[in-house]
Structure formats: C-alpha cells, structure tokens
Number of protein chains: 2
Amino acid sequence: MSGGEFNSWQTVQAEVLRRINAREWKPGEFIPNEAELSVEFGCARATVNRALRNLAESGLLDRRRKAGTRVALHPVRKATLDIPVIRYEIEGKGQTYRHSVLLQERVVPPSGIRARMRTGPGVKLLHLVTLHLADGKPYVFGDRWINPDAVPGIEKADLSAQSANEWLVANIPFEGGDFSFSAMTAGKREAEILACKEGEGLFVIDRSTWNKTHVITSVRLTFAPGYRMHTEI
Amino acid sequence: MSGGEFNSWQTVQAEVLRRINAREWKPGEFIPNEAELSVEFGCARATVNRALRNLAESGLLDRRRKAGTRVALHPVRKATLDIPVIRYEIEGKGQTYRHSVLLQERVVPPSGIRARMRTGPGVKLLHLVTLHLADGKPYVFGDRWINPDAVPGIEKADLSAQSANEWLVANIPFEGGDFSFSAMTAGKREAEILACKEGEGLFVIDRSTWNKTHVITSVRLTFAPGYRMHTEI
DNA sequence: TTGGATTATAAGTATATACATAAAAACCTG
DNA sequence: CAGGTTTTTATGTATATACTTATAATCCAA
C-alpha cells in the first residue's frame with residue numbers, strides 16, 4: 001500500500017489489523033506514528049487517528065501521548081454485552097411478562113449490603129424481593145436494596161405495577177454501575193422461588209448503580225436453570 | 001448553554017446525557033440534528049458528531065442517516081468486559097499458574113460440536129481437555145475442539161508447554177467470536193476434575209472463534225466454585 | 001393506487017490546519 | 001549525580017469545509 005488509492009479509516013484499520021495478525025507488528029512493538037502512517041497510507045492524520053483509536057478501544061493497541069502506539073502485549077479482547085431490562089428480554093422472545101413482589105420492607109441491611117451501599121450504620125433501606133415470570137414460569141428473581149435518600153419518590157411509586165428496575169431506569173439517572181457474574185447452588189429458598197431442584201446451578205448477576213453522591217441500588221438477580229447470556233465480538 | 005464557553009465533545013456528550021436523564025429529551029423522541037446542536041453549543045458539527053456517535057455506540061441514542069437521531073426507546077446499557085487469557089488472569093492476582101493436558105485426541109466430534117464447528121460428517125477434530133491451576137488448586141478446565149484445517153501447525157505444537165488457548169491467540173488470527181455465559185451443576189466428572197463437591201453450581205463460558213473461512217475452535221470453560229466475572233460501566 | 005424515479009436531508013466521512021496536553025527526553029544546576 | 005526545569009514529540013482534540021451515502025419524502029406516471 002503506497003498511496004493513491006481510496007482510503008477510509010476502516011481501510012486503515014483493516015490494514016493495521018492485518019499487520020498485527022500477520023505479526024508484521026509484534027506484540028509489544030511500537031508501530032509508526034500517526035504522521036508517518038498518514039503519509040504511507042496517503043490520507044490525513046485524523047483518519048489514521050480514528051482507526052488507531054478504534055483499535056485501542058477494542059484492546060488491540062496501547063497508546064500513550066508522546067510515547068507512541070504499540071501493539072498490546074496481552075491482547076485482552078473486549079466483548080460488549082447488552083444489559084437489558086428483564087421485561088424487554090422476555091417480551092423480545094415473544095413470551096408474556098409478569099412479575100410479583102414477594103417482599104417489600106424498610107429495614108437496616110446486613111453488613112455486606114451496607115458496605116456495598118455505603119450507608120451509615122442504622123440507616124434503613126428499602127428491601128424488595130421480586131419474581132419475574134416468562135409465560136407464567138419463574139424466570140429470575142431479584143433481591144434488591146434501594147437507598148431512599150438517593151431516590152426521591154420511591155416511597156410513592158407503585159412497585160407492583162412497574163418493577164423496581166423499570167421504575168428506576170425510567171426515573172433515576174445514574175452515572176455508573178458495576179456488574180459481576182457468577183454461579184451459585186440453589187438452596188431451599190431459591191429452589192422454592194424458582195420452582196427448581198435444590199442443588200441446581202444457577203446463574204447470578206450482581207449489580208450496583210450509583211450517581212455522583214450515592215449508591216442508588218444494589219441487586220442480585222438469580223436466574224432459573226438454563227439461563228444463558230450471550231454476546232459476539 | 002449558549003455558545004462562547006469552552007466545549008469539547010465530552011462536554012457536549014455530558015450535556016446531551018443530562019438532557020436524556022432529565023427527560024428533556026424523552027425516549028423515542030428525535031433530538032435536534034447535528035447542525036442545529038453545533039450552533040446551540042457553539043462548536044463544530046464534527047464535535048457534536050463525535051459526542052452523539054459515542055452515545056449511540058453505548059446504546060443511548062439511535063441514529064439513522066437522513067432520519068436523524070432519537071433517544072433510544074429501550075436504553076439497553078452496554079457493558080464491555082475483558083476476556084483475558086487465563087494465565088494472565090491468574091498471574092495478575094499474584095498466583096502461580098500451571099496447566100496440564102488431561103486428554104488429547106483426534107476424533108470425530110459429537111453432533112452438537114460438529115454443528116458448532118460447521119464441519120462435515122466424519123471429519124476428525126482435535127479434542128483437548130485441559131486443567132488450569134492457580135497456586136496448585138484447580139481454577140478452570142477447558143474442553144476444547146480445534147479444527148486442524150483452520151489451524152496449520154497445531155499438530156507440531158507442544159500444547160503441554162503452552163496452553164492451546166495461548167498457542168492459538170499467539171499464532172492464529174481470528175475475525176470474530178461468540179461467547180455465552182451460564183451456570184451448570186457439577187456432576188461426577190466436574191467434581192473430580194475441579195476438586196469440588198458434586199451438585200455445586202459452576203460458572204461456564206462457551207466460546208467459539210472463527211476467521212473468514214472456518215470455525216477455528218470452540219471451547220467450554222468450567223470454572224471452580226467461587227469464580228466471578230466483573231465489569232464496570 | 002402502486003411502484004419506480006427524483007430530490008432533499010441528516011448522518012458519515014475525509015482533510016488541512018491549528019492548538020492542547022501528557023510525558024519522555026534532554027538539559028541544566030546545585 | 002539527584003532533582004528540578006525545559007524542550008520536544010506523539011497523541012488528543014477542535015474546526016471549517018467539502019464531499020459521500022443512506023434513506024425518507026416527494027413526485028410522477030402507468
């Protein structure tokens with residue numbers, strides 16, 4: 001490639017990717033800088049910039065100002081996965097969605113939750129246990145804690161009409177969140193709620209969301225057996 | 001905000017985000033076009049473009065040429081998660097990594113695998129079962145199928161020195177992959193290999209990677225109890 | 001009324017230019 | 001030579017401009 005042809009940032013990206021894959025540029029090695037590449041490819045530096053930035057975002061390149069751009073040493077692939085609202089997920093499969101509130105209380109949380117929610121000792125939180133059903137069958141249940149200080153209006157919300165999750169995403173802006181995925185073994189409680197056998201392996205998502213000042217909510221979703229989360233690169 | 005101040009694409013993005021969160025722009029609604037916003041924010045259209053493109057990538061906006069930009073109706077949050085090589089993951093925690101090949105054979109795969117690998121009937125694949133250990137304790141085991149047609153050189157590779165996964169990422173470029181995450185219940189085999197109890201819930205990742213012409217490999221990783229995959233938004 | 005061609009429009013991209021910023025490298029200076 | 005200062009440099013960002021492309025909307029004819 002020596003200039004003259006048509007070039008888009010995608011063309012540049014593809015060629016850079018090819019060189020990485022072909023080991024013409026080896027892991028850890030510096031690649032030519034943007035200015036040089038733009039000359040080589042016969043395009044503007046901004047075009048090269050966009051291509052390299054994109055590759056850096058997906059983990060294949062490491063870039064640092066002044067230092068330059070190098071092929072990532074440990075090419076950690078990044079997969080993006082969608083975190084849908086459960087109702088949409090169920091309805092998206094053509095099943096009917098229903099949910100019911102199994103428990104709603106305002107209590108002082110156990111210490112683990114208190115730590116996650118970063119609330120003071122003795123502060124009461126809203127505790128909700130909700131079961132979501134797909135075509136009438138248990139799909140997932142959520143054990144959720146909400147900080148009422150962070151969520152004005154939650155007291156007045158009818159959480160049996162609209163699930164807490166939906167109410168929150170619709171009404172409370174948040175800045176960030178963290179997710180963790182794991183597996184657990186169904187105990188008596190889980191088996192009862194999800195109508196499965198004790199001892200089955202269940203998929204679990206723990207999630208907290210927060211805004212600038214508060215942890216808004218922290219929830220553990222325990223899915224019925226067979227649940228599968230999927231993504232592509 | 002009416003022009004004159006300092007503006008970066010991040011400022012624009014933050015303000016757009018604020019309006020979405022504050023429901024000034026409601027889900028499903030069209031927002032002003034790039035030209036209008038660039039006037040309002042007193043910046044170039046390219047700056048607005050970058051901000052909006054970014055928000056669209058993270059699922060908060062829907063954009064279509066000619067049609068315009070609208071707030072996503074079902075704001076599916078996208079989380080990105082890192083898919084590390086197991087050795088790096090273990091070594092990253094300061095533990096020592098070791099792995100051993102439990103089984104290596106060249107056989108015709110069962111039909112489920114054959115479908116995943118898109119190989120013809122009767123075609124033999126490389127089948128590998130590998131256990132990865134952290135500080136000598138079972139961490140995860142991989143049940144892997146490799147298409148030798150897609151992987152020249154695999155026959156000569158010493159897969160007890162370097163794990164198949166590492167060998168593959170180091171030697172075989174791939175175009176895409178898919179991942180699915182689920183939970184299973186430990187049976188006799190899993191309990192034996194992972195030194196856990198039968199009936200424990202285990203975290204499972206199924207993953208296939210391919211290039212233009214072939215499915216390269218398909219692997220199921222079954223993690224020892226307690227494994228947790230984590231990500232932030 | 002349908003269905004195909006035309007037009008108008010909003011996003012998408014490319015580019016030259018300029019300046020900002022982080023940080024490595026070189027240069028002091030005590 | 002240590003520690004701080006300056007310089008250099010590669011990436012990061014902003015902007016005006018121009019052109020491309022997908023596609024919604026319109027128009028027109030059978």
Side-chain angles (χ1 to χ4, degrees), chain A residues 1-17 19-20 25-73 75 78, chain B residues 1-17 19-20 25-73 75 78:
Chain A
M1 201 173 265
S2 51
E5 313 95 85
F6 168 75
N7 280 304
S8 65
W9 69 269
Q10 325 211 21
T11 313
V12 174
Q13 172 170 336
E15 171 60 13
V16 170
L17 199 54
R19 293 185 190 183
I20 294 172
W25 292 337
K26 301 188 182 60
E29 243 178 53
F30 280 99
I31 74 173
N33 68 37
E34 294 186 352
E36 290 163 350
L37 288 176
S38 70
V39 171
E40 187 195 338
F41 290 131
C43 65
R45 184 168 78 85
T47 306
V48 174
N49 180 282
R50 169 116 193 235
L52 298 188
R53 179 166 26 98
N54 219 39
L55 288 169
E57 272 164 15
S58 59
L60 271 97
L61 293 175
D62 281 335
R63 321 192 73 202
R64 278 216 336 277
R65 279 184 183 167
K66 157 77 188 175
T69 301
R70 59 171 75 193
V71 180
L73 208 48
K78 290 181 200 297
Chain B
M1 198 173 267
S2 51
E5 311 95 82
F6 168 74
N7 279 307
S8 65
W9 68 268
Q10 328 214 17
T11 314
V12 174
Q13 173 171 336
E15 172 60 13
V16 170
L17 198 56
R19 292 184 191 184
I20 293 173
W25 292 336
K26 301 189 182 58
E29 242 176 54
F30 280 100
I31 73 174
N33 68 35
E34 293 186 351
E36 290 163 351
L37 287 176
S38 71
V39 172
E40 187 196 337
F41 290 132
C43 66
R45 185 168 76 86
T47 306
V48 174
N49 180 282
R50 169 121 193 229
L52 298 188
R53 179 164 28 97
N54 218 40
L55 288 169
E57 272 163 16
S58 60
L60 273 101
L61 293 175
D62 280 336
R63 321 192 73 202
R64 277 215 335 278
R65 278 182 185 171
K66 157 77 187 175
T69 300
R70 59 171 74 194
V71 180
L73 209 48
K78 290 178 200 291

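In what follows, chains are A, B, ... by sequence order, proteins preceding strands, each numbered from 1. These numbers come from the heavy atoms of this one structure, side chains and all, not from hydrogens, waters or symmetry mates.
For the side chain to side chain contact (heavy atoms under 4.5 Å, CB included) test, residues two or more places apart in sequence or in another chain that qualify with Glu36(A) are Pro32(A), Asn33(A). Legend: residues meeting side chain to side chain contact (heavy atoms under 4.5 Å, CB included) with Ile31(A), ordered by chain and number and at least two apart, are Trp25(A), Leu37(A), Leu52(A), Thr69(A), Val71(A). Evaluation of the salt bridge (Lys or Arg N to Asp or Glu O under 4.0 Å) rule for Arg53(B) yields no partner, not counting sequence neighbours.
In this structure, the nucleotide among dA10(C), dA14(C), dT11(D) sitting nearest to the side chain of Asn33(B) is dA10(C). Taking only side-chain atoms of Arg63(B), from C-beta outward, the nucleotide of dG12(C), dA16(C), dT15(D) with the closest atom is dG12(C). Here dT13(D) is the nucleotide among dT11(D), dT13(D), dT15(C) with the atom lying nearest to any side-chain atom of Arg53(A).
Computed from coordinates, the Gln13(A) CD to dT13(C) P distance equals 11 Å when rounded to whole Å. In this structure, Leu61(A) atom CG and dG12(D) atom P are separated by 11 Å, rounded to whole Å. Atom CG in Leu52(B) sits about 15 Å away from atom C1' in dT13(C), given to the nearest Å. As rounded to whole Å, 16 Å separates atom C1' of dT11(D) from atom CG of Asn54(A). Rounded to whole angstrom, the span from the CD atom of Glu36(A) across to the P atom of dT9(D) amounts to 12 Å. Rounded to a whole Å, the CZ atom of Phe30(B) is 13 Å from the C1' atom of dA25(D). Rounded to an integer number of Å, the gap from CG of Asn49(A) to P of dA18(C) is 18 Å. In this structure, Arg50(A) atom CZ and dA14(D) atom C1' are separated by 16 Å, rounded to whole Å.
Listed pair Ser8(A) / dA14(C) meets the phosphate criterion, a side-chain N or O lying under 4.0 Å from OP1 or OP2. The phosphate of dA11(C) (OP1 or OP2) has a side-chain N or O of Thr69(B) nearer than 4.0 angstrom. For Gln10(A), no side-chain nitrogen or oxygen approaches OP1 or OP2 of dG12(C) to under 4.0 Å.
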Sequence-aligned protein contact record of nucleotides 19-28 of chain C, with B where the base is within under 4.0 Å of a protein heavy atom and S where only the sugar-phosphate is: --BBBB----

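In this structure, Ala72(A) and Gly59(A) approach most closely via the heavy-atom pair CB-O, 3.4 Å. Val48(B) approaches Val12(B) most closely through the heavy-atom pair CA-CG1, 4.4 Å.
For residues 54-70 of chain B, the pairs satisfying salt bridge (Lys or Arg N to Asp or Glu O under 4.0 Å) are Glu34(B)-Arg63(B), with sequence neighbours left out.
We find the CD-CD1 distance between Glu15(A) and Ile20(A) to be 10.5 Å, quoted to the nearest 0.5 Å.
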